[in-house]
Asks: 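Let me give you the structure first, and then I'll get to my questions.
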Amino acid sequence: ESLSEFARRRIGEEALEKLLDPMVAGIFAGDPDRLSLKAAFPAIYYLEKQYGGLIKGLIAKMKEAKKSGKKSSGPAGPGGVLTSFKGGVKDLIDSLSEFLRDSVETGVEILCLNRVEKGWKIKYKKGDEVYEETFEAVVLSTPAYVTAEFLKDLDSELSKLLSEIEYSPISVVALGFEKKGLGHDLDGFGFLIPRSEKRKILGALWDSSVFPNRAPRGKALIRVMIGGARQPELALLPDEELVNIALKELKRIMKIRHYPEKIKVFKHEKGIPHYTVGHAERVERIFKLIGKYPGLYLCNNAYTGVGVNDCTKAAEEVAGRILGG
Ligand SMILES: Cc1cc2nc3c(=O)[nH]c(=O)nc-3n(C[C@H](O)[C@H](O)[C@H](O)COP(=O)(O)OP(=O)(O)OC[C@H]3O[C@@H](n4cnc5c(N)ncnc54)[C@H](O)[C@@H]3O)c2cc1C
């Protein structure tokens with residue numbers, strides 16, 4: 001069942017249009033008509049299955065949380081609070097490499113993977129040099145379309161299923177403004193736009209309001225999202241056009257007329273995996289097939305959750321399985 005079908009059945013057309021559609025644009029850059037409820041929002045899927053209704057399920061969950069003294073969490077993070085790192089997401093990578101020290105090798109391009117007697121032989125490139133090394137266990141944490149290439153000769157069905165996982169393109173236009181005279185107090189987290197509004201942006205995040213250290217004192221950082229499954233044709237326009245779209249829409253929606261002091265465009269051609277209807281079943285089959293190959297594991301946001309929280313959880317599970325033998 002698609003998210004739209006579920007929403008029409010349960011909460012109505014208006015809630016779909018005004019609440020779910022923009023939320024889905026914010027999390028998946030996705031299209032609710034094609035997103036799978038079960039794969040994209042498993043908590044909601046199982047809430048309905050287990051308790052027979054959403055409200056019933058939510059009340060039961062709240063009671064359970066109260067009893068155990070735990071805060072219930074939502075898609076925004078633990079306890080529903082937007083969370084990040086002081087220095088941005090790079091802090092996560094820096095901490096990991098600091099912790100792992102010499103056992104981590106960066107700046108390496110994996111070229112191919114082959115099954116050998118003692119495990120898995122990886123051919124990789126570092127600088128101009130090509131190396132080969134054999135490992136007992138290999139976790140393929142590359143995006144699904146890259147992993148599909150690695151596994152083409154090993155298992156054509158597995159490779160095909162991986163290559164079928166779609167991705168939505170998205171661009172982010174980061175704009176730095178002088179706060180004074182901006183004409184908007186930026187009191188909030190930003191906004192996400194329902195597609196019925198027919199805007200050329202998915203929404204804008206007022207980063208420096210959510211995380212004050214994201215901009216120097218007196219400055220504001222606004223990030224505008226463009227494209228997604230809703231308007232893929234816009235996502236990869238030339239930088240100049242993306243900036244024009246972002247500024248035009250901010251002018252219309254927020255009445256911001258100032259030109260930004262800083263502009264940076266980030267393009268993601270294959271940005272966020274789009275968990276279309278059938279994704280859960282596809283992933284189930286993928287995991288079953290990979291299970292045939294001892295020492296080979298998958299871990300990436302293409303499978304069981306697109307966010308960093310989901311990836312962390314999946315990574316811990318994979319690590320546990322490797323250590324557990
Ligand atoms: C615009 C945007 C905004 C987002 N915002 C949020 C957010 O606010 N909160 C949130 O939780 N998540 C957010 N996400 C999702 C978040 O980025 C992902 O959850 C996370 O990056 C997935 O991590 P991953 O390790 O599974 O995959 P990736 O981050 O895609 O990592 C895969 C890695 O594989 C590497 N690779 C590819 N090919 C090779 C090769 N041949 N050899 C070696 N390495 C290779 C790539 O370079 C890459 O580093 C956002 C994503 C986008 C695009």
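What's counted below: heavy atoms across the whole structure, side chains too, no hydrogens, waters or symmetry copies. Ligands are counted one by one from 1 in listed order, and the atoms in each one are counted from 1 as well.
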Asks: Mark up the atoms of ligand 1 that fall under 4.0 Å of a heavy atom belonging to Val172, in ascending order.
Replies: 1 (C)
Asks: Checking contacts here: is it the side chain or the backbone of Phe150 that comes within 4.0 Å of ligand 1, counting heavy atoms only? Could be both or neither.
Replies: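 Contact part for Phe150 vs ligand 1: side chain (C-beta onward).
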Asks: Using heavy-atom distances only, which candidate in Val108, Thr142, Ile110 approaches atom 35 (C) of ligand 1 most closely?
Replies: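 Checking each option, the heavy atom nearest atom 35 (C) of ligand 1 is found in Thr142.
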Asks: Distance from Ile27 atom CD1 to Leu35 atom CG, nearest 0.5 Å?
Replies: 10.0 Å
Asks: Can you check which of Gly271, Gly307, Ala144, Gly26 brings a heavy atom nearest to atom 53 (C) of ligand 1?
Replies: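 Going through Gly271, Gly307, Ala144, Gly26 one by one, Gly271 has the nearest heavy atom to atom 53 (C) of ligand 1.
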Asks: I need the atoms of ligand 1 closer than 4.0 Å to a non-hydrogen atom of Pro143, numbered in the order shown.
Replies: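 This gives 32 (C), 34 (O), 37 (C) as the contact atoms.
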Asks: Which bit of Ala29 gets closer than 4.0 Å to ligand 1, counting heavy atoms only: side chain, backbone, both or neither?
Replies: neither
Asks: Within a distance under 4.0 Å of any heavy atom of Val146, pick out the atoms of ligand 1 and give their elements.
Replies: 38 (N)
Asks: Please tell me if atom 21 (O) of ligand 1 is touched by the protein, where touching means a protein heavy-atom distance below 4.0 Å.
Replies: no
Asks: What orientation do Tyr124 and Tyr131 show, parallel under 30°, tilted 30 to 60°, or perpendicular over 60°?
Replies: parallel
Asks: Would you mind listing which atoms of ligand 1 come within a distance below 4.0 Å of any non-hydrogen atom of Cys311?
Replies: 19 (O), 22 (C), 23 (O), 26 (O)
Asks: Does ligand 1 have a heavy atom under 4.0 Å from the side chain of Asp310, from its backbone, from both, or from neither?
Replies: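 Within the 4.0 Å criterion, Asp310 makes no contact with ligand 1.
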Asks: For ligand 1, which atoms sit closer than 4.0 Å to a heavy atom of Glu109?
Replies: 41 (N), 42 (N)
Asks: Mind checking whether Val306 contacts ligand 1 via backbone (N, CA, C, O), side chain (CB onward), both or neither, at a 4.0 Å heavy-atom cut-off?
Replies: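 Answer for Val306: backbone.
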